[in-house]
Enquirer: 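To start, I am sharing the structure in question, which I have written as structure tokens.
Proteins get letters first, then strands, A, B, ... in listed order; numbering begins at 1 in each.
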Amino acid sequence: MNPSLPRRPLRLVAGATLALAIAALVAIVLASILRSATGAAESRVDIWRLIVMTTTQAALSTVLSLIVGIALAWALNRLRFPGRDFIVGLFASAIVTPGLIIAFGLLAVWGRSGWVNEASLWLAGQPLEVPLFGLGGIVAAHVILDASFAARILLARLDAIPEARLKMGQSLGLSAFRRFTIIDWPMLGPTLPGLASIIFLLAFTSFPVVLLLGGGPANQTLEVAIFAAVRLDFDLAGAVQLALVQIAICSAIILATAAFAPVSAATARSRPPRWRDSGPVRALQWLILAIGLAGFALPLLAILLDGIGPSLIDLAVRPSFWRAVATSLAIGAGSATLTLLLALVIGMARAATASRTARTLIGAPAYTYLAVPAVVLSLGAFLTVRDMGILPEMAAPIVVLIANALLALPFALATLAPPLEAIATSRGRLIRSLGLDSWSQFREVEWPLIGRDAGVVVALSFCFSLGDLGVIALFGTEDFTTLPLAMYRALGAYRTNDAATIAALMLLLTIAAFVLLPKLFARLTDARS
Amino acid sequence: MLEADRLTFSHPGAAQRYELTFAAAPGEITAVSGQSGSGKSTLLDLIAGFLAPSGGTLTLDGTDLILLPPEARPVSILFQSETLFEHLSAGHNLALGLPRGTPRDETSRRIAAALAEVGLPGIEAQRASTLSGGEKQRVALARTLLRNKPVLLLDEPFSALDDSTRATVRELVRDLTERHRWITMLVSHHADDIEALAARRYRLEDGRLALA
């Protein structure tokens, strides 16, 4: 027992109980999948072909995302201009922008009736044939999302280069190339393997992008094949086999990721000296930034411009639309609250012990959900409720809410646990000497200090849940529909205008939550401190 | 002579205004002392060109330095830390001090000579991260020799060293300054460093330099 840590046995018990409950839930879901696998009939799913396709698109997405992300981070690190912080924030929002929206935005810009084709018809009298469906479209959407995410992480590394190192380089007159290889690369290099693993995992488990841009069975990935096996082919045996393969591969990637240096988005900024590159190099940086912005912001802009129009009124008079809005908001708010509570209880329990083993045991169950993608978790829950004799549509709201909360939990815990542990270590002695009880410790010390992080957790979880298609895809019904599912159905029925309006609404909700919730929480907690 | 006359500067948003006047001669060490936050590093940043003054003059032997960018100024700098790129070898760090395009054999010869002059012969291939604090400062001084700039700025360069290493590096700085007729400006809050090295002493207080 570390004497500087306050004694909090109740926190430990609560955290351990929750960790056990989460582990039990994982076990039940896996047991349902395994049981179905052993009793299932022969399936004709070509697993090997699916693995090759999934791995190919994930590997291509990873390599291209890292190259584009490094170039963007380099350009943003060097250039200073009004609105730079806004653009950095825009790229940071990529982590919460639903894949469905980016995929739809790509169609709005590059698709058959998209901006580029219309411009080409007007200017040249013939359409521009851009092969958007298939591997190219999938990789393009992933690169737009993941390169922006990578750029934000890598920019934080470049912004943290010590001031003295930059001054030394500048006084030595290093060229732009030598500055990158000698000063920048040692900061970026150690982050790349971990970042590559995360991007690979995101692309490997990507569902809505492949569903929308896959263009048919030839470009299916494991995740989409599971969905197709359950909802379209009624091949439960095939779905179960695919789910087991998916879990095994994701677990291997996560184990590999754990061996690399952790990826941190911490924004400890040094005060860089004014070190401008030569004119041609700066022109290249502006060009990279312009292309990156066009790639990420144009699809979003297209969604907003195409979506906010007369079809908004058409949708607004339909009760089904308002039911989807209400369901999405309720599930988003509910799962965000649940995620915050779970992360707080587990994070505080971890901070209450100095034992590394205990910390690992309490935290590990939450991280297992990284290895269980949304569609697989949804399939396991589907099989579990069916085995219990409950109709899936009856259990749907609670299952979707819990599943979304659990899927956001690893990110929430990664955000909240480090500051809670730092508070216990740095202020534990003072808390003990003042004799603060557990509630006072939380109210007076922890909550004011982690307020903004809590806001980030709520925003992340809300946005993940709002954009989720993986869980709702198996549980959704005519009466129980969220916005992403309503959008997917509208696209399936060729109601493109409706889909555009729903996409615009989702995008606005995502941006509002991502920008406002952390500020709201910071303000609430500032008032208390 | 390195001379500043009412060199004026304010950090954006800060109330403190600096108006700095000083003179530093070749072959001697000019020390600047002052409390933490008094602006000692700001003074070095102004001389090195990392900060732009709003007024006043800064000249070296009558030549105006103010319009020159940092890389074009006749200045070498040594910080307390971050004196070398840790992932490069000592030799590679030194090579950065030579003009681009220097022939390979000349590079090797000059690096070997510079390392010998600071008392570290034969460590060209050693990675900088494996060197001790004192060795790093000596390698950085060797790079200063290769750069052959007349002004050397030292920003608390001995603070991270133990007592015996500190004395050795201090002696090396004094010796090199005298031998190469450098104009060396030392910023330190350690009275013993200043006592041991300085021929001329200034104290920085309330944004102004006064001879001590």
Side-chain angles (χ1 to χ4, degrees), chain A residues 70 74 77-85 154 157-195 260-261 268-283 285, chain B residues 11-14 41-42 44-52 68-89 92-101 127-129 136-137 139-140 143-144 146-149 151-157 159-160 187:
Chain A
I70 290 171
W74 175 68
N77 175 257
R78 300 300 198 267
L79 298 173
R80 294 283 177 276
F81 53 91
R84 180 181 176 273
D85 287 349
L154 297 172
R157 301 295 302 144
L158 293 180
D159 282 348
I161 292 175
E163 183 189 356
R165 197 176 303 167
L166 291 168
K167 284 180 177 174
M168 177 171 57
Q170 190 177 10
S171 79
L172 287 169
L174 297 185
S175 65
F177 177 73
R178 281 181 137 191
R179 179 180 177 184
F180 181 77
T181 53
I182 291 176
I183 298 181
D184 295 338
W185 187 251
M187 289 297 276
L188 301 178
T191 305
L192 292 181
L195 189 57
F260 299 131
R269 293 176 73 162
S270 67
R271 283 190 310 153
R274 194 173 165 73
W275 185 359
R276 287 162 68 104
D277 289 310
S278 63
V281 176
R282 284 173 64 74
Q285 289 157 355
Chain B
H11 284 289
S41 296
T42 299
L44 294 192
D45 281 350
L46 284 165
I47 300 171
F50 297 125
L51 295 176
L68 294 178
E71 58 274 19
R73 293 206 180 191
V75 168
S76 296
I77 317 171
L78 231 69
F79 299 100
Q80 176 183 336
S81 57
E82 301 287 348
T83 51
L84 300 178
F85 297 111
E86 302 263 322
H87 61 293
L88 302 179
S89 67
H92 197 160
N93 267 289
L94 286 183
L96 295 175
L98 288 169
R100 293 184 78 180
R127 211 177 158 93
S129 57
K136 283 177 188 165
Q137 296 294 41
V139 171
R143 188 177 58 204
T144 303
L146 292 179
R147 297 193 75 212
N148 198 24
K149 306 276 184 180
V151 179
L152 173 62
L153 305 177
L154 303 172
D155 192 353
E156 306 275 6
S159 297
V187 149

Enquirer: Could you tell me which portion of L78(B) (side chain, backbone, both or neither) has an atom closer than 4.5 angstrom to a non-hydrogen atom of chain A?
Expert: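 Looking at L78(B), nothing touches chain A.
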Enquirer: Any idea which of G169(A), G173(A), S171(A) has the most non-hydrogen atom pairs under 4.5 angstrom with chain B?
Expert: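 Between G169(A), G173(A), S171(A), the count favours S171(A).
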Enquirer: Just wondering, more than 12 heavy atoms not from F81(A) lying within 6.0 Å of its CZ?
Expert: yes
Enquirer: Of all of P70(B), A48(B), S41(B), which one pairs up most often with chain A through heavy atoms under 4.5 Å apart?
Expert: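 Most pairs with chain A among the choices: P70(B).
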Enquirer: Please flag which part of R276(A) lies under 4.5 Å from any non-hydrogen atom of chain B: side chain, backbone, both or neither.
Expert: neither
Enquirer: Grab the two heavy atoms, one from M168(A) and one from F79(B), that are nearest each other, plus how far apart they are.
Expert: N-CE1, 4.1 Å
Enquirer: Which atoms of R73(B) are under 4.5 Å from chain A, going by heavy atoms: the side chain, the backbone, both sets, or neither?
Expert: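 Contact with chain A involves no heavy atom of R73(B) at all.
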Enquirer: Nearest 0.5 angstrom please: L172(A) CG to R147(B) CZ, how far?
Expert: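 So the gap between those two atoms works out to 5.0 Å.
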Enquirer: May I ask you to decide if I182(A)'s main-chain N or O and H87(B)'s side chain share a donor-acceptor pair within less than 3.5 Å?
Expert: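 Yes; judged by distance alone, with no hydrogens or angles, the pair exists.
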Enquirer: Checking heavy atoms, do the side chain of L88(B), its backbone, both or neither come under 4.5 Å from chain A?
Expert: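 Just the side chain, heavy atoms under 4.5 Å.
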Enquirer: Find the distance between NZ (K167(A)) and CG (L153(B)) and round it off to the nearest 0.5 Å.
Expert: 10.5 Å
Enquirer: If you look at every heavy atom in E71(B) and Q170(A), which pair is closest and at what distance?
Expert: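 Result for this residue pair: CB-O, 3.2 Å.
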Enquirer: What pair of heavy atoms forms the shortest contact from R165(A) to F85(B), and how long is it?
Expert: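 In terms of heavy atoms, the two residues are closest at CG-CE2, 3.7 Å.
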